[in-house]
Amino acid sequence: MKLLKNATSPFARIAHAALIEAKIADLEIQTVDPWADEADLLASNSAGRVPCLVLDDGTGITECLLIATFAERQGKGALSASDPKSLAIAGTGIGVCDAAVQILIGRRIVSGDFADHAFDANPIAARRRRSVADGLKRLDAMVLDTPGERLDLGTIAAITALDYVELRFPGAEWISATPRLSALRELASDRPALAATRPPL
Ligand SMILES: N[C@@H](CCC(=O)N[C@@H](CS)C(=O)NCC(=O)O)C(=O)O
């Protein structure tokens, strides 16, 4: 099977990390640009977004949490993705990623360029910043002190959220420190699911 992804999408990272943690064999990775209307991506995902998992029979599974659900079932328990606390953390982590991505997309809608921050003055941008900041605070209170022997979906999503926010909003003064989540990230840093999917600096 083949995962269509790019290097920076937090959703693609969650899907990829879940597939690695679930020990899915013969996983091919195809890097695509979700903003370029690439034919391979549009053929498997009408929304034209990453991630998209294409099975050997051509079935396309979109949405990172659905891919994680598939990974959990295929992996026969190697990925823990159904414990209620882990699901609560995963949902909060995805909420942070979603709000952060929406700020980037807002910038692109307003000025056509991620680097132009005109959108950031919009009240919707302020709401999304609040979601990011409050979500990270909540994750900091919720996450495990140490990663389990196998990473669970909540831990994957929480660390992905922190890495993505730091990538997109380096040094932002509206984001508080996250000592527990940062410590968990450090402890889990060499786990293949995280190390092999880390976004570029
Ligand atoms: N809800 C989706 C979100 C996927 C998504 O928004 N991916 C972004 C990259 S971070 C994308 O492909 N954007 C291209 C576009 O919106 O056209 C998921 O959980 O997988």
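Positions are given from 1, in the same order as the sequence printed here.
Here the side chain of Arg129 pairs no donor or acceptor atom with the backbone of Ala100 at under 3.5 angstrom. Looking only at distances, no side-chain donor or acceptor of Asp116 sits under 3.5 Å from a matching main-chain atom of Ser111. A donor-acceptor contact shorter than 3.5 Å is absent between the side chain of Thr59 and the backbone of Leu55. Formation of a donor-acceptor pair under 3.5 Å by the Lys85 side chain with backbone atoms of Met142 is found in this model. Judged by distance alone, with hydrogens and angles left aside, the side-chain atoms of Asn6 form no donor-acceptor pair with the main-chain N or O of Thr31 at under 3.5 Å. In terms of modelled atom types and a separation under 3.5 Å, the side chain of Arg198 and the main chain of Ser189 share a donor-acceptor contact. A donor-acceptor contact shorter than 3.5 Å is absent between the side chain of Thr155 and the backbone of Leu151.
Closest of all the heavy-atom pairs between Ala71 and Leu79 is CB-CD2, 4.3 Å. Smallest separation of non-hydrogen atoms from Ala99 and Val132: CB-CG2, 3.7 Å. In plain terms, the two heavy atoms of Val143 and Ala158 that are nearest each other are CG1-CB, 3.7 Å. Looking at every heavy atom in both residues, Ala15 comes nearest to Ile67 through CB-CG2, 3.8 Å. The minimum heavy-atom distance linking Ile89 with Gly154 is given by the pair CG2-O, 3.4 Å. Of all heavy-atom pairs between Leu167 and Pro199, the closest is CD2-CB, 4.0 Å.
Residues Pro34 and Arg49 are not in side-chain contact: their nearest non-hydrogen atoms beyond the backbone lie 4.5 Å or more apart. Residues Leu184 and Pro147 are in side-chain contact: their nearest non-hydrogen atoms beyond the backbone lie under 4.5 Å apart. Phe11 has its side chain within reach of Val101: a pair of non-hydrogen atoms, C-beta onward, lies under 4.5 Å apart. At a threshold of 4.5 Å between non-hydrogen side-chain atoms, the residues Cys64 and Ile94 count as touching. Within the 4.5 Å cutoff, no side-chain heavy atoms of Arg191 are placed close to those of Ile20.
Distance check, rounded to the nearest 0.5 Å: CD of Glu186 to CG of Leu181 gives 12.0 Å. The CZ atom of Phe119 sits 7.5 Å away from atom CZ of Arg128, with the distance rounded to the nearest 0.5 Å. Taking CZ of Arg127 as the start and CG of Asn122 as the end, the distance is 11.0 Å to the nearest 0.5 Å. Of the inter-residue distances, the one linking Ile14 atom CD1 with Lys5 atom NZ reads 11.0 Å to the nearest 0.5 angstrom. We find the CG-CD distance between Leu3 and Gln30 to be 9.5 Å, quoted to the nearest 0.5 Å. One distance of note links OG1 of Thr62 with CG of Asn45; it measures 5.0 Å at 0.5 Å rounding.
The salt bridge (charged side-chain N to carboxylate O under 4.0 Å, His left out) check on Arg150 picks up Glu21, with sequence neighbours excluded. Listed by chain and residue number, Asp163, Glu166 satisfy the salt bridge (charged side-chain N to carboxylate O under 4.0 Å, His left out) test with Arg185 (two or more places apart in sequence, or in another chain). For Ser82, the side-chain hydrogen bond (donor to acceptor under 3.5 Å, both in side chains) test picks out Glu72, with sequence neighbours left out. Residues passing the salt bridge (charged side-chain N to carboxylate O under 4.0 Å, His left out) test with Glu38, sequence neighbours excluded: none. Considering only residues two or more places apart in sequence or on other chains, Asp145 meets the salt bridge (charged side-chain N to carboxylate O under 4.0 Å, His left out) condition with Arg180. Contacts of Ser86 classified as side-chain hydrogen bond (donor to acceptor under 3.5 Å, both in side chains), with partners at least two apart in sequence or in another chain: Asp152.
Between the side chains of Thr92 and Arg138, no donor-acceptor pair is found at a separation under 3.5 Å.
Around the CG atom of Asp33, the shell of radius 6.0 Å holds more than 12 heavy atoms that belong to other residues, nucleotides or ligands. Residue Lys2 qualifies as enclosed at atom NZ: its count of foreign heavy atoms under 6.0 Å is above 12.
The cationic group of Arg107 does not satisfy the cation-pi geometry with Phe114, failing either the under 6.0 Å distance to the six-membered ring centre or the 45° limit from the ring axis. Both the sub-6.0 Å distance and the 45° axial angle are not jointly satisfied by Arg130 relative to the ring of Trp174.
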Problem - Full working for side-chain contact (heavy atoms from CB on, under 4.5 Å) between Leu41 and Cys52 - result: CA-CA 8 Å; Leu41 182 58; Cys52 180; 4.2 Å; yes
Handout entry: Residues Ile103, Phe169; criterion side-chain contact (heavy atoms from CB on, under 4.5 Å); working and verdict
Key = CA-CA 10 Å; Ile103 296 172; Phe169 310 105; 4.0 Å; yes
Exercise for the section: Please assess Leu162 against Ser182 for the test side-chain contact (heavy atoms from CB on, under 4.5 Å), listing each intermediate value before the final yes or no. Expected result: CA-CA 8 Å; Leu162 180 61; Ser182 300; 3.8 Å; yes
Practice task
Carefully, step by step, assess Met1 and Leu53 under the rule side-chain contact (heavy atoms from CB on, under 4.5 Å).
Solution key: CA-CA 7 Å; Met1 67 185 82; Leu53 182 68; 3.9 Å; yes
